[in-house]
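Throughout, numbering of the chain's residues begins at 1 and tracks the sequence.
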Amino acid sequence: MDPPVCKILDYGKFKYEAQKRKNEARKKQKIIDVKEIKLRPNIDNNDFIIKMKQVKKFIDNGDKVKITLRFRGREMAHQTLGATVLERVKDNTEELCKVETLPKLEGRQMVMILAPK
């Protein structure tokens, strides 16, 4: 039979090293932000390309992206245009990220959330 092994140590030093390990772990963790991109239903092609570059930059940094499509006035009657724009966003970014929340209407805006893969 082997006798139980016991190690005598300085409790203060033990607590200090445990705190250092905890602080080191906190430094290494990545805080995920939610960045927002605002679009309109009748966005021009070049403006759309610039917004997609911003989305790609945010996703590459490891952040989630909230795409907000704002309807004003009579645009509420043409919600299919907004859904088409969000579908276009989804198609452009499908290799970079996944759709976390599908497009849904909240009042006068349609919202979709993208998360990095």
J.: Any chance you could measure Lys64, atom NZ, to Cys97, atom SG, to the nearest 0.5 Å?
T.: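 Taking NZ in Lys64 and SG in Cys97, the distance rounds to 12.0 Å.
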J.: Using a 4.5 Å cut-off on heavy atoms from C-beta on, say whether the side chain of Leu114 contacts that of Thr93.
T.: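 Of all side-chain heavy-atom pairs linking Leu114 with Thr93, at least one is under 4.5 Å.
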J.: Under 4.5 Å between any side-chain heavy atoms of Met112 and Val99, yes or no?
T.: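 A side-chain contact exists here, since the closest heavy-atom pair is under 4.5 Å.
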J.: For Met76 and Phe71, which heavy atoms make the closest approach, and how far apart are they?
T.: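 Where Met76 meets Phe71 most closely, the heavy atoms are SD-CB, 3.5 Å.
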J.: To the nearest 0.5 angstrom, please state how far the NZ atom of Lys38 sits from the CD1 atom of Ile67.
T.: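 Output value for this atom pair is 12.5 Å.
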J.: Verify side-chain contact (heavy atoms from CB on, under 4.5 Å) between Phe58 and Ile37, making sure each step is shown before the conclusion.
T.: CA-CA 10 Å; Phe58 292 150; Ile37 298 285; 3.6 Å; yes
J.: Just by modelled atom types, is the Gly12 backbone N or O under 3.5 Å from a matching donor or acceptor in the Asp10 side chain?
T.: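 Yes, Asp10 side chain to Gly12 backbone: donor-acceptor pair under 3.5 Å.
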J.: List the steps and the verdict of side-chain contact (heavy atoms from CB on, under 4.5 Å) for Glu24 and Lys22.
T.: CA-CA 5 Å; Glu24 197 65 34; Lys22 193 171 86 176; over 6 Å; no
J.: Between Gln109 and Thr68, is any side-chain donor less than 3.5 angstrom from a side-chain acceptor?
T.: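 Checked: Gln109/Thr68 side chains show no N/O donor-acceptor pair below 3.5 Å.
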J.: First locate atom CG of Leu69, then atom CD of Gln79, and finally report the distance between them rounded to the nearest 0.5 Å.
T.: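 One gets 10.0 Å once the value is rounded to the nearest 0.5 Å.
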J.: Looking at Arg40 and Glu75, does any basic side-chain N land under 4.0 Å from a carboxylate oxygen?
T.: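 A salt bridge links Arg40 with Glu75.
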J.: Nearest 0.5 Å please: distance from the CD1 atom of Ile43 over to the NZ atom of Lys51.
T.: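 The NZ atom of Lys51 is 6.5 Å from CD1 of Ile43, to the nearest 0.5 Å.
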J.: Around atom CG of Asn45, are there more than 12 heavy atoms from other residues, nucleotides or ligands closer than 6.0 Å?
T.: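 Above 12, so yes.
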J.: Is it the case that atom CZ in Arg88 sees more than 12 heavy atoms from other parts of the structure closer than 6.0 Å?
T.: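 Check passes, neighbour count above 12.
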J.: Please determine whether residues Leu39 and Ile113 belong to a single hydrophobic cluster, defined as Ile, Leu, Val, Met, Phe, Trp and Tyr linked transitively by side-chain heavy-atom distances below 4.5 Å.
T.: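 Unlinked, Leu39 and Ile113 end up in two clusters.
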J.: How long is the straight-line distance from CE of Met52 back to CD1 of Ile59, given to the nearest 0.5 Å?
T.: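 Taking CD1 in Ile59 and CE in Met52, the distance rounds to 10.0 Å.
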J.: Roughly how far, to the nearest 0.5 Å, is CZ of Arg26 from CZ of Arg21?
T.: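 If I round to the nearest 0.5 Å, the distance is 14.0 Å.
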J.: Verify the cluster assignment for Leu102 and Leu105: are they in a single hydrophobic cluster under the rule of side-chain heavy atoms below 4.5 Å apart?
T.: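 Leu102 clusters together with Leu105.
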J.: Between Val55 and Val89, is there a side-chain heavy-atom distance shorter than 4.5 Å?
T.: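 With C-beta onward as the side chain, the pair stays apart.
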J.: With the side chain counted from C-beta on, respond yes when Leu86 and Met110 share a heavy-atom pair under 4.5 Å apart, and no when they do not.
T.: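 In short, these two side chains touch, coming nearer than 4.5 Å.
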J.: Mark yes or no for whether Glu17, through its side chain, and Phe14, through its backbone, hold a donor-acceptor pair below 3.5 Å.
T.: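 No, because the side chain of Glu17 does not come within donor-acceptor range (under 3.5 Å) of the backbone of Phe14.
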J.: Does atom NZ of Lys117 have more than 12 heavy-atom neighbours, drawn from other residues, nucleotides or ligands, at distances under 6.0 Å?
T.: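 Yes, enclosed.
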J.: Determine whether Ile49 and Asn92 make a side-chain contact, defined as any pair of heavy atoms from C-beta on separated by less than 4.5 Å.
T.: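 They are not in side-chain contact.
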J.: Ignoring hydrogens and geometry, is there a side-chain-to-backbone donor-acceptor pair from Lys90 to Lys98 under 3.5 Å?
T.: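 No; judged by distance alone, with no hydrogens or angles, the pair does not exist.
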